[in-house]
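Following: one structure in structure tokens, then a few remarks.
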Amino acid sequence: MSKVRGRRERCGGPPSVAVVYGSGTPCDPAQPGRATHSGILDDLSLMSVSEQQTLLTRGSSQAGADVHGGSSGCVPSPGTPLSGPVSRAPHRSSPRGALHTIGRLVKLGRLRNVVVLAGAGISTASGIPDFRTPGTGLYANLAKYNLPYPEAVFDVDFFSDDPRPFYSLAKELYPGRHRPNYVHYFIRVLHQKGLLLRMYSQNIDGLEKMCGIPEDKLVEAHGTFASASCHLCYTAFPAEEAKQAIMSDGVPTCSFCSATVKPNVVFFGEDLPEKYFQHARDFPRADLLMIMGTSLQIEPFASLVNTVRSTVPRLLLNRHAVGPFERKPLRRRDYMELGDLVDSVSRLARILGWHAEIQDLLNSQEGGVCMDQQQSSSLGAEAQARRPAQSSSGGPVPSCSSEESDSSEPDGRNPVTSVPSIYGRLV
Ligand code: CNA
């Protein structure tokens, strides 16, 4: 079955103008509630006997909160802090919650086939706005293009009439302008450790490849700027020529039919790349699903979260609960850590003992600075990213704090060296 990209029709939401192409996420009726204990037993079944004993001595109710980072019926609405029977800081699970459970299982060698599902949120720390974050998201900043509706920038009919809004966006997103950040390098290290089964990304910024995630480990589900073709007859067009024309405010046209050429970024209603369909083989093999920085609003990508086996842990790292993580109750092995992605990922990396390795990669490949040395503030990662990059040139590489500082709050922020984005200026 051919699947095309479409927006997701949300259950119980306002009357939607969105059309679901392909298979939308079904609006599941609420599942019957499950006692916290069954969740604990399932988690225990993934652990060694000594792990189980340690866990049980901490008390079952405490363990229930800990191992399940978001269970106990505590499911926030998007944008609302976590709250509920388990007391925890707003927007963040307990520091000994989801990240510790997943970190521990990885260290025990129980999770060896990790599938990562990623969205625009993993690149905001590189200075690229996502779609939907209020105020800074791309959709909030499209006014100057006079679009009939924000999604029109990825509408092939609109593009056919007026390619300029998309070309403006393309000028910003063409690989080369932004640099990978800590989150990208975390995924690369996941690969280096032999744990990455596949990364499925909705992003079109090319930062996954740029940070060294190999082609065969990556599915760019919404296409890429690496190739281009006619939007009408699909005749291939040299990607570099298309880029040069777009960068100099020109309009590349097809040599066969003279219609407008488009980088092979998937628009609404268009087919997804063939590689996407590897998911049918990958997801049944996954033993951990990490969902990072996506609102899970675009189908068919969003529905992938429902295709891992029900016994497989799913870890959401995002600012807000999204997709099935908005519903109550969660699956028994659903974990979430809400907050800034760089913070969450760096805490997980410390638990795993990978932080220094990631930081070294950043320092060597990006000229970045140690997160620990960076000023931590209440600014969002995007805002941090828009600040001028701190240079490490010439100076000694600052030493990072030790691994496993898991009791501490997240430390530094974004080590990006990106240039400011035009979207940033439009905020
Ligand atoms: P989205 O709908 O904008 O959702 C992004 C999600 O990430 C939201 O839930 C945010 O709350 C969350 N988020 C953003 N920044 C952070 C952060 N620092 N820490 C934690 N959470 C954060 O974007 P999706 O990826 O879900 O939508 C898919 C679209 C976006 C794809 O088709 C892409 O082509 C498109 N897009 C890509 C890019 C890119 O390539 N970098 C940028 C903007 C849009």
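Read the numbers this way: they start at 1 and go in the same order the structure lists the ligands and their atoms. Numbers for residues simply follow the sequence, beginning at 1.
- With ligand atoms numbered from 1 in the order given, ligand 1 contributes 14 (C), 15 (N), 16 (C), 17 (C), 18 (N) to contacts under 4.0 Å with heavy atoms of Thr124.
- His191 is linked by a side chain to side chain donor-acceptor pair (under 3.5 Å) to nothing, counting only residues two or more places apart in sequence or in another chain.
- Between Phe166 and Phe159, the ring planes are perpendicular. Angles over 60° get that label, and only those under 30° would be called parallel.
- Within ligand 1, counting atoms from 1 as listed, the ones closer than 4.0 Å to a heavy atom of Gly119 are 25 (O).
- Residue Gly293 approaches ligand 1 through these ligand atoms, each under 4.0 Å from one of its heavy atoms: 5 (C), 6 (C), 7 (O).
- Of all the atoms in ligand 1, the ones that sit under 4.0 Å from a non-hydrogen atom of Asp340 are 17 (C), 18 (N), 19 (N).
- When the options Leu207, Ile204, Thr294 are ranked by their closest heavy atom to atom 26 (O) of ligand 1, first place goes to Thr294.
- Residues Tyr167 and Asp249 bring no donor and acceptor atom of their side chains to less than 3.5 Å of each other.
- The shell of residues lying under 4.0 angstrom from ligand 1, judged by heavy atoms, excludes Ala118.
- For ligand 1, the polar-atom distance check finds an N/O of Leu341 within less than 3.5 Å of one of the ligand's N/O atoms.
- With a 4.0 Å cut-off on non-hydrogen atoms, Gln297 does not touch ligand 1 at all.
- Near Ile298, the atoms of ligand 1 lying under 4.0 angstrom from a non-hydrogen atom of the residue are 28 (C), 29 (C), 32 (O).
- For Arg164, the CZ atom sits in a loose shell: 12 or fewer heavy atoms of surrounding residues, nucleotides or ligands are nearer than 6.0 Å.
- With a 4.0 Å heavy-atom cut-off, ligand 1 is reached by the side chain of Ile128 but not by its N, CA, C or O.
- In this structure, Arg331 is not positioned above the aromatic face of Phe325 in the sense of NZ or CZ being under 6.0 Å from the six-membered ring centre and within 45° of the axis.
- Which parts of ligand 1 touch Pro129 is read off a 4.0 Å heavy-atom cut-off, strictly below it: atoms 42 (C), 43 (C).
- The salt bridge (Lys or Arg N to Asp or Glu O under 4.0 Å) test with Glu357 is passed by exactly one of Arg188, Arg350, Lys193: Lys193.
- Both tests pass for Lys262 against the ring of Phe267: distance under 6.0 Å to the centre and angle within 45° of the axis.
- Each of the atoms 41 (N) of ligand 1 lies under 4.0 Å from some heavy atom of Ser123.
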With side chain to side chain donor-acceptor pair (under 3.5 Å) as the test, would you mind laying out the steps for Glu208 and Ser201 before giving the verdict? CA-CA 8 Å; Glu208 299 91 352; Ser201 178; 2.5 Å; yes
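- Taking the six-membered ring where tryptophan is involved, the planes of Phe283 and His279 are perpendicular, since the angle between them exceeds 60° and thus also 30°.
- Here atom 13 (N) of ligand 1 lies nearest to Gly121 when heavy atoms of Ser126, Gly121, Ser344 are compared.
- Near His222, with a cut-off below 4.0 Å to any heavy atom, the atoms of ligand 1 are 31 (C), 32 (O).
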